[in-house]
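Contents: one structure, followed by commentary.
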Amino acid sequence: MDMRSIDLNLLVAFDAMCQHQSVTRAGEAIGLSQPAMSAAVARLRALFNDPLFVKVGTVMQPTERAQALAEAVRRVMVTVQQEILQPSGFTPETSDRTFTVITPDIGEMHFLPLLLAHLAKAAPGVRLNAVSRNREAAGETLAGADADLALGYFPDLKGSAFFQQKLFDNKHVCLLRRDHPQLRKGSLTLKAYLALQHVVVHPDGREHVFERHLQQTGHKRDVRLELSHFMSLMPIIESTDLVATVPRDLAAICQRYTQVEIVACPIACPVIPVHQFWHRRSHKDAASIWLRAQVAQLFKAG
DNA sequence: AGTGGGGCAGAATTATGCGT
DNA sequence: ACGCATAATTCTGCCCCACT
């Protein structure tokens with residue numbers, strides 16, 4: 001049977017007949033006169049090649065064919081009512097939605113603890129899925145409906161397809177172990193900074209703002225260790241004389257969990273603007289709007 | 001591509017017949 | 001008397017085509 005040959009309103013009539021077992025009552029229930037309802041039943045009979053409802057005493061009793069169809073038709077009615085005709089809204093208190101957020105490992109450390117704590121109270125059924133994407137893939141993932149939000153520094157997410165909201169500026173600071181000899185010598189001068197041994201993180205596919213700035217200004221450092229993950233920094237800084245130059249939010253997390261100190265960086269690198277990004281596809285989506293509002297409330301500076 | 005008019009098919013309504 | 005089916009009539013929505 002071709003879907004196009006069926007008037008789906010006939011399923012409404014069928015469902016009403018199952019519920020009321022009377023042409024007149026079923027018609028009243030769905031706003032049809034008795035003759036119109038009778039005609040709808042006649043069309044259903046022709047469609048399914050079965051009487052569907054036969055008069056037994058005072059009721060129109062469903063035939064075996066009608067009984068076999070009834071449950072499936074009811075499911076269609078419920079699905080249409082609940083998932084198509086319901087006004088689009090988002091109820092955080094009862095939602096069991098899973099939000100997917102693109103963010104690098106720094107972002108996971110910075111955003112997720114606070115966001116999760118907030119969700120536990122405001123939306124206890126909501127789940128979070130944090131994924132890491134490089135600069136090019138972040139846009140494709142948002143556009144492909146595989147993520148709701150990107151949090152962090154994504155300079156490539158431009159154009160009319162994407163919206164963004166600035167959350168805060170991240171500047172670079174230096175991270176040394178708490179009993180590092182340099183800390184006894186006062187503030188960190190450029191000369192002292194360049195004389196130290198450095199650990200540098202090159203996360204895969206991410207923008208290396210500070211490295212690019214050093215190249216442009218011609219400063220040369222003694223790099224003793226290169227890493228691909230920020231997570232490894234904490235035990236390494238804590239147990240060596242190496243210095244790392246990292247975004248302030250990461251440095252603050254390291255300081256919270258390990259014996260390290262934050263020192264102002266003597267090289268004035270441009271600040272890194274941290275935004276939340278979303279695709280125009282989810283711009284009007286009630287759940288996405290709600291999530292963006294929570295992120296802005298929790299992390300937007302000023 | 002969008003709009004408006006004519007024609008057509010089918011669904012709804014009214015009136016009525018028929019069976020229980 | 002009540003409820004279902006049917007004939008005649010009316011109404012509505014869709015399609016096609018011409019026009020802008």
Side-chain angles (χ1 to χ4, degrees), chain A residues 1-91 97 100 102 135-150 154-165 275-292:
Chain A
M1 195 185 291
D2 188 342
M3 276 282 284
R4 288 170 300 182
S5 68
I6 307 172
D7 175 359
L8 294 178
N9 281 315
L10 288 178
L11 297 186
V12 178
F14 179 90
D15 189 52
M17 280 298 293
C18 290
Q19 310 270 322
H20 298 277
Q21 303 201 349
S22 154
V23 172
T24 304
R25 305 286 165 273
E28 284 171 359
I30 63 173
L32 288 181
S33 63
Q34 177 271 317
M37 189 68 210
S38 177
V41 173
R43 290 195 294 280
L44 279 164
R45 285 167 174 155
L47 192 64
F48 290 105
N49 195 28
D50 186 274
L52 295 177
F53 301 92
V54 290
K55 195 162 185 180
V56 177
T58 58
V59 299
M60 295 290 276
Q61 208 163 67
T63 64
E64 285 191 16
R65 178 88 168 111
Q67 287 176 38
L69 291 167
E71 199 182 314
V73 172
R74 187 91 278 272
R75 281 200 303 273
V76 171
M77 294 298 118
V78 170
T79 301
V80 170
Q81 276 292 342
Q82 293 182 351
E83 297 179 28
I84 297 175
L85 299 181
Q86 278 292 316
S88 61
F90 178 71
T91 311
R97 173 154 174 171
T100 299
I102 302 170
R135 290 171 52 175
E136 294 79 22
E140 290 171 20
T141 305
L142 282 178
D146 294 321
D148 301 281
L149 211 55
F154 294 92
D156 292 345
L157 289 181
K158 293 177 191 155
S160 59
F162 298 101
F163 292 87
Q164 57 178 272
Q165 180 184 30
H275 290 79
Q276 58 172 334
F277 298 87
W278 62 96
H279 192 262
R280 68 178 174 206
R281 169 186 54 74
S282 57
H283 189 56
K284 301 274 188 185
D285 175 57
S288 297
I289 291 170
W290 179 84
L291 178 65
R292 296 196 297 266

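Protein chains get the first letters and strands the later ones, always in sequence-line order, with residue 1 at the start of each.
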With a 4.0 Å cut-off on heavy atoms, is A/Ser38 in touch with a base, just the backbone sugar-phosphate, or nothing at all?
base
Who pairs with A/Gln67 by side chain to side chain contact (heavy atoms under 4.5 Å, CB included), at least two apart in sequence or on another chain?
A/Pro62
Just by protein heavy atoms under 4.0 Å, how would nucleotides 11-20 of chain B read 5' to 3' in B, S and -?
SSBBB-----
First contact, last contact: which nucleotides of DNA chain C are these for chain A, 5' to 3', heavy-atom distance under 4.0 Å?
C/dG3 to C/dT6
Contacts of A/Asp146 that satisfy side chain to side chain contact (heavy atoms under 4.5 Å, CB included) - sequence neighbours left out:
A/Thr141
Contacts of type side chain to side chain donor-acceptor pair (under 3.5 Å), residue A/Gln19, not counting sequence neighbours
none
When the ring planes of A/Phe14 and A/Phe48 are compared, do they come out parallel, tilted or perpendicular, using 30° and 60° as the limits?
tilted
Pair listing, ring pair (Phe, Tyr, Trp, His ring centres under 6.0 Å) test, anchored in residues 21-47 of chain A, at least two apart
none
Applying ring-ring contact (aromatic ring centres under 6.0 Å, His included), name anything that partners A/His20, two or more places apart in sequence or on another chain.
none
Partners of A/Leu32 by side chain to side chain contact (heavy atoms under 4.5 Å, CB included), sequence neighbours excluded?
A/Ile30, A/Ala36, A/Met37
Using the side chain to side chain contact (heavy atoms under 4.5 Å, CB included) criterion, which residues pair with A/Phe162? Sequence neighbours excluded.
A/Leu142, A/Leu157, A/His279
